[in-house]
Amino acid sequence: MILIFLGPPGAGKGTQAKCIAKEFNIPHLSTGDILRFQLENNNEQTKQIKKNMDSGQLVTDEILNSIISNRICQKDCNNGFILDGYPRTINQAIFLEDQLKKNSLNIDYIFEISIEDTIVISRINNRAVIEKRVDDSDVTIKTRLFKYYEDTKPVSNFYQKKYGLIYKTIDGNQKIEELNSKLLKLLKKHWFWLIIIYLLLTSAL
């Protein structure tokens with residue numbers, strides 16, 4: 001199962017992705033977590049990533065595409081994975097399309113979590129205090145929201161036009177538990193029918 005979560009920073013993509021990843025035993029590939037892990041290295045790429053993250057700017061397509069491409073080819077992704085925070089630009093979306101096609105993989109669902117900006121800002125401010133994250137200052141939050149609408153929102157439109165049937169817009173203003181319950185119900189039903197189709201195909205061979 002391959003899922004993509006889209007939405008502004010602080011929309012709750014990571015929270016939902018973690019729960020679903022645990023339920024279906026597939027990796028949750030959070031762009032933020034992957035980049036923060038990369039910061040533990042000491043090289044020129046790391047310096048550029050840190051510079052972008054500290055200012056609220058997006059990491060370049062070239063760097064992120066390379067990191068994600070290597071990650072989804074790892075063994076633990078054989079049964080599927082969840083992308084959270086990627087793709088963020090049209091170029092990244094096109095790159096991902098090519099990578100999936102090369103590996104004969106298909107996206108099962110794309111979820112866009114829609115939420116008001118005021119709630120986003122409040123959530124990220126609270127997260128910054130709890131997690132002591134320096135990359136969640138007021139300035140970087142506003143910059144990231146601006147970059148989301150400028151660069152990432154077009155990705156939602158791109159996927160919605162291309163994958164209308166599997167593209168779902170989710171109300172992110174509802175309670176976490178309620179949203180998670182709805183998503184799991186949808187995915188379990190989808191998983192059930194995938195198993196049935198697989199059994200029918202294998203029995204016919």
Side-chain angles (χ1 to χ4, degrees), residues 1-9 11-34 61 64-115 148 151-172 174 176-205:
M1 180 180 291
I2 297 177
L3 308 176
I4 296 177
F5 275 86
L6 301 173
K13 302 186 296 297
T15 300
Q16 296 303 325
K18 284 178 183 177
C19 292
I20 293 170
K22 183 178 180 180
E23 181 73 24
F24 291 94
N25 194 30
I26 55 177
H28 165 216
L29 309 183
S30 163
T31 304
D33 289 345
I34 291 173
D61 290 344
L64 206 50
N65 285 342
S66 175
I67 293 172
I68 294 296
S69 177
N70 291 330
R71 183 63 186 87
I72 64 177
C73 288
Q74 293 180 21
K75 188 176 181 179
D76 63 337
C77 290
N78 286 348
N79 294 322
F81 50 86
I82 301 175
L83 288 171
D84 161 21
Y86 180 92
R88 289 180 173 176
T89 67
I90 293 294
N91 287 337
Q92 290 175 16
I94 293 172
F95 177 84
L96 179 62
E97 292 271 301
D98 290 339
Q99 292 299 302
L100 294 178
K101 187 176 181 180
K102 286 178 183 177
N103 292 281
S104 300
L105 298 173
N106 296 302
I107 300 169
D108 289 277
Y109 275 108
I110 301 165
F111 296 115
E112 179 190 3
I113 300 183
S114 178
I115 189 170
Y148 166 74
D151 296 326
T152 308
K153 189 60 178 175
V155 174
S156 299
N157 299 331
F158 168 81
Y159 278 133
Q160 193 168 23
K161 289 178 181 178
K162 187 165 185 177
Y163 299 101
L165 293 176
I166 61 171
Y167 187 97
K168 306 293 181 182
T169 301
I170 308 296
D171 179 12
Q174 58 190 306
I176 293 173
E177 297 78 10
E178 183 180 354
L179 176 55
N180 185 244
S181 177
K182 290 179 180 179
L183 288 173
L184 286 176
K185 184 177 180 180
L186 172 65
L187 292 171
K188 285 178 179 179
K189 183 178 180 181
H190 176 75
W191 192 251
F192 170 79
W193 283 112
L194 284 179
I195 294 173
I196 294 297
I197 292 171
Y198 173 78
L199 292 174
L200 288 173
L201 289 174
T202 53
S203 64
L205 296 176

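In this chain, numbering begins with 1 at the start of the sequence shown.
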Got a sec, which residues hit ring pair (Phe, Tyr, Trp, His ring centres under 6.0 Å) with Phe95, two or more places apart in sequence or on another chain?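 Testing Phe95 for ring pair (Phe, Tyr, Trp, His ring centres under 6.0 Å), a comparison that skips the adjacent residues, returns none.
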
Among residues at least two apart in sequence or on other chains, which ones pass ring pair (Phe, Tyr, Trp, His ring centres under 6.0 Å) with Phe111?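 Per chain and number, Phe111 pairs via ring pair (Phe, Tyr, Trp, His ring centres under 6.0 Å) with Phe5, Tyr109.
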
Which heavy atom of [X] sits nearest to which heavy atom of [Y], and what is that distance?
X: Gln99; Y: Ser69; result: OE1-OG, 3.1 Å
X: Ile113; Y: Gln16; result: CD1-CG, 4.4 Å
X: Ile115; Y: Pro8; result: CG2-CG, 3.6 Å
X: Ile90; Y: Pro154; result: CD1-O, 3.6 Å

Would you compute the distance between atom [atom1] of [X] and atom [atom2] of [Y] and round it to the nearest 0.5 angstrom?
X: Ile82; Y: Leu187; atom1: CD1; atom2: CG; value: 8.0 Å
X: Lys101; Y: Leu105; atom1: NZ; atom2: CG; value: 13.0 Å
X: Ile68; Y: Arg88; atom1: CD1; atom2: CZ; value: 9.0 Å
X: Leu64; Y: Gln92; atom1: CG; atom2: CD; value: 4.5 Å
X: Asn70; Y: Asn65; atom1: CG; atom2: CG; value: 10.5 Å

Extract all donor-acceptor atom pairs below 3.5 Å that involve side chains of residues 155-166 and protein atoms in other chains or at least two apart in sequence.
| unit_1 | atom_1 | unit_2 | atom_2 | d |
| --- | --- | --- | --- | --- |
| Lys162 | NZ | Glu97 | OE1 | 2.6 |
| Tyr163 | OH | Glu97 | OE1 | 3.0 |
| Tyr163 | OH | Glu97 | OE2 | 2.6 |

Mind checking what makes side chain to side chain donor-acceptor pair (under 3.5 Å) contact with [X], not counting sequence neighbours?
X: Lys153; result: Glu112
X: Asp76; result: Arg71
X: Ser181; result: none
X: Tyr148; result: none

With sequence neighbours excluded, what pairs up with Asp151 under the salt bridge (charged side-chain N to carboxylate O under 4.0 Å, His left out) test?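 Scan of Asp151 (salt bridge (charged side-chain N to carboxylate O under 4.0 Å, His left out), adjacent residues dropped) gives Lys147.
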
Test your reading of the model: is there a side-chain donor-acceptor pair from Lys13 to the backbone of Ile4, 3.5 Å cut-off?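 No, Lys13 side chain to Ile4 backbone: no donor-acceptor pair under 3.5 Å.
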
Counting N and O atoms only, with roles assigned by atom type, does the side chain of Asp108 sit under 3.5 Å from a partner on the main chain of Ile2, one being a donor and the other an acceptor?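 Present.
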
In chain order, what residues pass the side-chain contact (heavy atoms from CB on, under 4.5 Å) check against Asn91, with sequence neighbours excluded?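 Asp61, Thr89.
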
Can you list everything that forms a side-chain contact (heavy atoms from CB on, under 4.5 Å) with Gln174? Sequence neighbours excluded, please.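 Applying side-chain contact (heavy atoms from CB on, under 4.5 Å) to Gln174 gives Ile170, Asp171, Glu178, Leu179, Lys182.
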
Do Leu96 and Leu83 have side-chain heavy atoms sitting under 4.5 Å apart?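 With C-beta onward as the side chain, the pair touches.
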
Taking distance alone, no hydrogens or angles, what donor-acceptor pairs closer than 3.5 Å link side-chain atoms of residues 18-29 to residues at least two apart or in another chain?
| unit_1 | atom_1 | unit_2 | atom_2 | d |
| --- | --- | --- | --- | --- |
| Glu23 | OE2 | Lys188 | NZ | 3.3 |
| His28 | NE2 | Asp84 | OD2 | 2.9 |

